[in-house]
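Below is one structure, written out as structure tokens, with a few remarks after it.
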Amino acid sequence: MALTAETESRLYRSLRAAAGAAAHVVALGFPTGVAVLARPGSSLFSWHPLLMALAFSFLMTEALLMFSPETSVLRSFSRKVKVRAHWALQLLALLCALLGLGIITYNKHLNGKAHFVTWHGLTGLLTVLYAGGQCAGGVLLLYPKLMKNWTLAKLKLYHATSGLVGYLLGCASLMLGMCSLWFTTSVTSVSWYLAMLCPLLTSLVIMNQVSNAYLYRKRSQH
């Protein structure tokens, strides 16, 4: 028996809501697991994986989910409040990422190790630099008059697109970190694959959210 358009729409919204709820759980659960594994404070290095997990798994995911119509923790609030919360979370994410980058750089210096010679190190550096540029670019949305030849709608579109790229870079960096010797010696078997699924799940949810925003924008133009 064929489903009606209304039933399909309701089912789709329910699936999006369920996926979004799972993303919230994973966004917090992943850095919690990393904290248990790294035992922050046990060494200088121990702060690096925790700070990066907080930046790109928890804070950045929550900042992007802030605009989800189904799963935003502030969905009953005005868009102005959501934008402010988004800004606060993104700045905290950038701060954690910069601190994490500084710690691993100093730790390598103390141990006489080469800097940024692995795919994880290079991707992580690119991600942090990109995140800084993305936050700077977000200022244009607060002061759109600085870009006289660009409409606010176009600025939002490009900001969302570049933000998605930055988020995927962050997830890629986390996944490459899980291929490191430190992680693979601590997490083995099924647990390793489950850990790998965490950034994959949140990436899919965020990509779906952004693609739906594009579709909504196109429909509203017709």
Treating Ile, Leu, Val, Met, Phe, Trp and Tyr as nodes and any side-chain heavy-atom pair under 4.5 angstrom as an edge, say whether [X] and [Y] lie in one connected cluster.
X	Y	value
I104	L126	no
L110	W47	yes
L197	M60	yes

Quick one: pull up [atom1] in [X] and [atom2] in [Y] and give me the separation to the nearest 0.5 Å.
X	Y	atom1	atom2	answer
L64	L59	CG	CG	11.0 Å
Y193	L200	OH	CG	13.0 Å
H109	Y106	NE2	OH	6.5 Å

- Message: Any non-hydrogen side-chain atom of M52 less than 4.5 Å from a side-chain atom of V128?
- Response: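 They are in contact (side-chain heavy atoms under 4.5 Å apart), so the answer is yes.
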- Message: Within the structure provided, determine whether P69 and R16 are in side-chain contact (heavy-atom separation under 4.5 Å).
- Response: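 Yes - at least one pair of side-chain heavy atoms lies under 4.5 Å apart.
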What pairs of donor and acceptor atoms, side-chain ones from residues 164-191 against any protein atom, are under 3.5 angstrom apart with sequence neighbours left out?
from: Y167; atom 1: OH; to: T61; atom 2: OG1; distance (Å): 2.7
from: Y167; atom 1: OH; to: T202; atom 2: OG1; distance (Å): 2.9
from: S180; atom 1: OG; to: G177; atom 2: O; distance (Å): 2.6
from: S180; atom 1: OG; to: F183; atom 2: N; distance (Å): 3.4
from: T184; atom 1: OG1; to: S180; atom 2: O; distance (Å): 2.9
from: T184; atom 1: OG1; to: L181; atom 2: O; distance (Å): 3.3
from: T185; atom 1: OG1; to: L181; atom 2: O; distance (Å): 2.8
from: T185; atom 1: OG1; to: W182; atom 2: O; distance (Å): 3.1
from: S186; atom 1: OG; to: W182; atom 2: O; distance (Å): 2.9

- From T105, L99, L101, residue fulfilling side-chain contact (heavy atoms from CB on, under 4.5 Å) relative to I103: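 Answer to the side-chain contact (heavy atoms from CB on, under 4.5 Å) test with I103 among T105, L99, L101: L99.
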- Message: Using the side chain to side chain contact (heavy atoms under 4.5 Å, CB included) criterion, which residues pair with S43? Sequence neighbours excluded.
- Response: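 For S43, the residues satisfying side chain to side chain contact (heavy atoms under 4.5 Å, CB included) (neighbours in sequence not counted) are F45, S46.
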- Item | Contacts of type side chain to side chain contact (heavy atoms under 4.5 Å, CB included), residue L15, not counting sequence neighbours |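 Listed in chain order: L11.
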List, one per line, each side-chain donor-acceptor pair under 3.5 Å for residues 77-96, sequence neighbours excluded.
from: S78; atom 1: OG; to: V81; atom 2: N; distance (Å): 3.4
from: H86; atom 1: ND1; to: A63; atom 2: O; distance (Å): 2.8

Nearest atoms (heavy-atom pairs only) where [X] meets [Y]:
X	Y	value
Q209	S68	OE1-CB, 3.2 Å
A19	V205	O-CG2, 3.6 Å
F116	L122	O-CD2, 3.3 Å

For residues 21-28, dump all side-chain donor-acceptor pairs below 3.5 Å to protein atoms at least two apart in sequence or in another chain.
from: H24; atom 1: ND1; to: E62; atom 2: OE1; distance (Å): 3.0
from: H24; atom 1: ND1; to: E62; atom 2: OE2; distance (Å): 2.8
from: H24; atom 1: NE2; to: T71; atom 2: O; distance (Å): 2.6

- Message: I need the full list of side-chain hydrogen bond (donor to acceptor under 3.5 Å, both in side chains) pairs touching residues 125-136, with sequence neighbours left out, sorted by first then second residue.
- Response: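 Every side-chain hydrogen bond (donor to acceptor under 3.5 Å, both in side chains) pair that includes a residue of residues 125-136, provided the two are not neighbours, is Q134-H159, Q134-S162.
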